[in-house]
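Shown next, in structure tokens, is the structure this report addresses.
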Protein chains: 2
Amino acid sequence: MRIEDAAVIRELPLFRNVEHGAFARLIDAGFLQRFPPGVVLIQESDRADFLHVVVEGTAELFAGTGGRETTIELVRPVGLFILAAVLRDQVYLQSARTLERSLILMLPAESVRATLEADPAFMRAVVMELAGDYRRTIRDLKNLKLRNGAERLANWLIRAELEQGATGAVEIPVEKRTVAARLGMTPENLSRAFATLAEYGVRTKGARVEFTDRSALVAYAKPDPLVDLPD
Amino acid sequence: MRIEDAAVIRELPLFRNVEHGAFARLIDAGFLQRFPPGVVLIQESDRADFLHVVVEGTAELFAGTGGRETTIELVRPVGLFILAAVLRDQVYLQSARTLERSLILMLPAESVRATLEADPAFMRAVVMELAGDYRRTIRDLKNLKLRNGAERLANWLIRAELEQGATGAVEIPVEKRTVAARLGMTPENLSRAFATLAEYGVRTKGARVEFTDRSALVAYAKPDPLVDLPD
DNA sequence: CCTATTAATTGACATTTGTTAAGCGGTCGC
DNA sequence: GCGACCGCTTAACAAATGTCAATTAATAGG
């Protein structure tokens with residue numbers, strides 16, 4: 001593994017306070033691997049064998065039942081999936097695929113669990129990480145149950161624009177179909193949602209979205225810190 | 001606290017392996033209190049001050065934004081809420097109210113966090129509990145995004161019938177409006193969903209629901225272990 | 001037992017979302 | 001440079017869901 005990759009992983013909240021030797025052993029047991037776009041990294045219903053860390057690129061977590069499929073989450077550097085299944089030694093509830101060329105660190109489930117037992121600092125970090133994952137998912141559930149498609153898109157755009165530096169414009173970093181699935185709608189519906197938001201000053205040219213009237217958009221979206229903000 | 005209440009709490013996976021003294025201290029710091037129906041126990045956006053354990057009765061976790069409201073979960077004996085907010089010392093993302101006369105144990109957040117630091121067994125149990133909470137929520141999210149109302153109801157009924165002893169009948173233990181909110185629909189829509197399921201042998205008389213053709217119902221519901229079964 | 005109140009159901013209608021099909025526009029490989 | 005492909009958009013229609021109003025059923029109090 002490159003030294004700079006180890007460094008960024010070391011800085012993750014999950015690993016920051018892990019004892020030096022335990023971290024070294026954990027990393028040593030792992031595999032750092034590059035994947036082309038579209039590779040399925042894990043499959044729902046498979047026994048959880050690795051904790052995955054996205055070092056570069058993007059991973060999409062998705063799931064299906066009864067012939068339908070949806071996107072649960074997009075994981076970017078430096079983020080991980082799926083801790084819960086690894087810790088409980090159970091099957092994955094979600095699949096994951098790369099959306100672009102990606103660098104993924106795979107830590108054997110057994111090593112992760114061993115580190116958990118060996119290092120209280122890691123255990124503490126795991127508790128915080130899991131609690132955060134749970135809360136993010138609850139936010140998502142609220143978003144989905146309490147808003148319609150256009151409202152979800154509006155809030156998603158506001159959040160993305162903020163994360164990209166509040167320049168009044170957003171670059172959508174994935175295919176729109178993926179955004180649609182992430183927001184719980186069809187691509188056709190996403191187009192309609194964009195059309196709806198045009199009334200509130202949202203201008204789209206391809207993957208680039210501009211806000212010409214932020215206050216109107218915010219008034220429509222009614223962002224709520226208990227739904228839209230990270231902890 | 002009555003001795004039998006302490007005993008059932010002791011048997012919870014979360015507390016089962018906690019060291020004796022630590023458990024005693026934690027329980028001692030708590031309050032066991034009886035509430036009439038309809039009492040709001042916690043309010044979203046409030047700082048998490050207590051871990052709540054439902055000893056008797058039922059608590060409804062709900063949340064709202066933009067004037068709308070929905071039910072996230074129903075907690076029955078012996079279950080707890082909301083561990084994640086307590087551990088992270090953050091605000092609740094959900095409110096909770098009693099649906100009936102209930103006995104609730106309230107453990108001060110500070111004591112819970114202290115026990116976490118004091119007892120590795122508790123920390124381990126917390127990890128498993130949180131991982132389970134996360135997975136349950138992911139299942140819920142999949143259910144919501146991948147199924148329509150009638151399908152969600154069908155699977156909910158199948159699960160409830162199983163939990164009540166697989167007698168071919170289900171007693172719905174809460175108001176139907178609550179079931180509707182739990183399943184992400186309006187009460188009117190729930191009525192329509194029941195009407196749809198009548199085609200598959202679902203007969204309802206008030207709160208009692210009977211299956212006259214289980215295989216037809218299952219064929220319609222297409223239950224999926226990755227969505228519908230507990231871990 | 002009766003009445004007042006609330007929940008549940010039903011119907012009509014509006015809105016939202018999904019589906020199907022067509023067309024547009026860009027990209028990639030030949 | 002051209003054609004095939006793919007993603008996105010648009011339109012028309014269908015299905016699902018929400019809303020409003022009225023009625024019926026269930027429940028609790030007096």
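So that the names make sense, note that chain A is the first sequence line, chain B the second, and so on, each numbered from 1. What you are looking at is a predicted structure, and each value in this text was computed from that prediction instead of being measured.
A salt bridge does not link B/Glu188 with B/Arg192: every distance from a Lys NZ or Arg NE/NH1/NH2 to an Asp or Glu carboxylate oxygen is 4.0 Å or more. Remark: A/Asp224 does not engage A/Arg139 in a salt bridge, criterion side-chain N to carboxylate O under 4.0 Å. B/Lys142 has a carboxylate O that lies under 4.0 Å from a charged side-chain N of A/Glu44, or vice versa, which qualifies the two as a salt bridge.
Residues that satisfy the salt bridge (charged side-chain N to carboxylate O under 4.0 Å, His left out) test with A/Asp228, not counting sequence neighbours, are A/Arg147. Looking at residues two or more places apart in sequence or on another chain, you find a salt bridge (charged side-chain N to carboxylate O under 4.0 Å, His left out) between B/Glu210 and B/Lys205, B/Arg208.
B/Arg159 places no side-chain N or O within donor-acceptor distance of the main-chain N or O of B/Leu229, the cut-off being under 3.5 Å. Here the side chain of B/Arg135 pairs no donor or acceptor atom with the backbone of A/Tyr92 at under 3.5 angstrom. Although no hydrogens or angles enter the test, the distance criterion places a donor-acceptor pair under 3.5 Å between the side chain of B/Thr98 and the main chain of B/Pro36.
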Please list each protein N or O that sits under 3.5 Å from an N or O in nucleotides 23-29 of chain C, with the distance.
none

Listing time: all N or O pairs from protein to nucleotides 4-7 of chain C that are below 3.5 Å?
residue : atom : partner  : partner atom : Å
C/dA7   : OP1  : B/Arg177 : NH1          : 2.7
C/dA7   : OP2  : B/Arg177 : NH1          : 3.2

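Between B/Phe81 and B/His52, the ring planes lie parallel to each other; the angle is under 30°, not in the 30° to 60° tilted range.
Pairing each heavy atom of A/Glu161 with each of A/Gly168, the nearest pair is OE2-N, 2.7 Å.
Atom CD of B/Glu151 is separated from atom P of C/dG18 by 13 Å (rounded to the nearest Å). In this structure, A/Arg152 places its CZ atom 10 Å from C1' of C/dT16, rounding to the nearest Å. Following rounding to the nearest Å, B/Leu146 (CG) and C/dG18 (P) show an atom-to-atom distance of 11 Å. Rounded to a whole Å, the NZ atom of B/Lys145 is 20 Å from the P atom of C/dT16. Atom CG of B/Leu144 is separated from atom C1' of C/dT17 by 14 Å (rounded to the nearest Å). Following rounding to the nearest Å, B/Leu153 (CG) and D/dA16 (P) show an atom-to-atom distance of 15 Å. Atom pair B/Leu190:CG and C/dT10:C1' shows a separation of 14 Å (rounding to whole Å applied).
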remark   = Per-nucleotide protein contact along nucleotides 18-29 of chain D, 5' to 3', at a 4.0 Å heavy-atom cut-off (B base, S sugar-phosphate only, - neither), is BBB---------
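When the local axes at the two ends of the helix from C/dC1-D/dG30 to C/dC30-D/dG1 are compared, using 5 base pairs at each end, they differ in direction by 40° after rounding to 10°.
Of the residues listed (A/Leu41, A/Leu74, A/Val174, A/Val40), the one engaging A/Glu60 in a side chain to side chain contact (heavy atoms under 4.5 Å, CB included) is A/Leu74, and it is the only one.
Around atom CZ of A/Arg101, no more than 12 heavy atoms belonging to other residues, nucleotides or ligands sit under 6.0 Å away.
Going from atom CD1 of A/Ile138 over to atom CD of B/Gln94 covers 4.0 Å, rounded to the nearest 0.5 Å.
Place A/Gly149 and B/Pro187 on DNA chain C by their nearest nucleotides, and B/Pro187 ends up nearer the 5' end.
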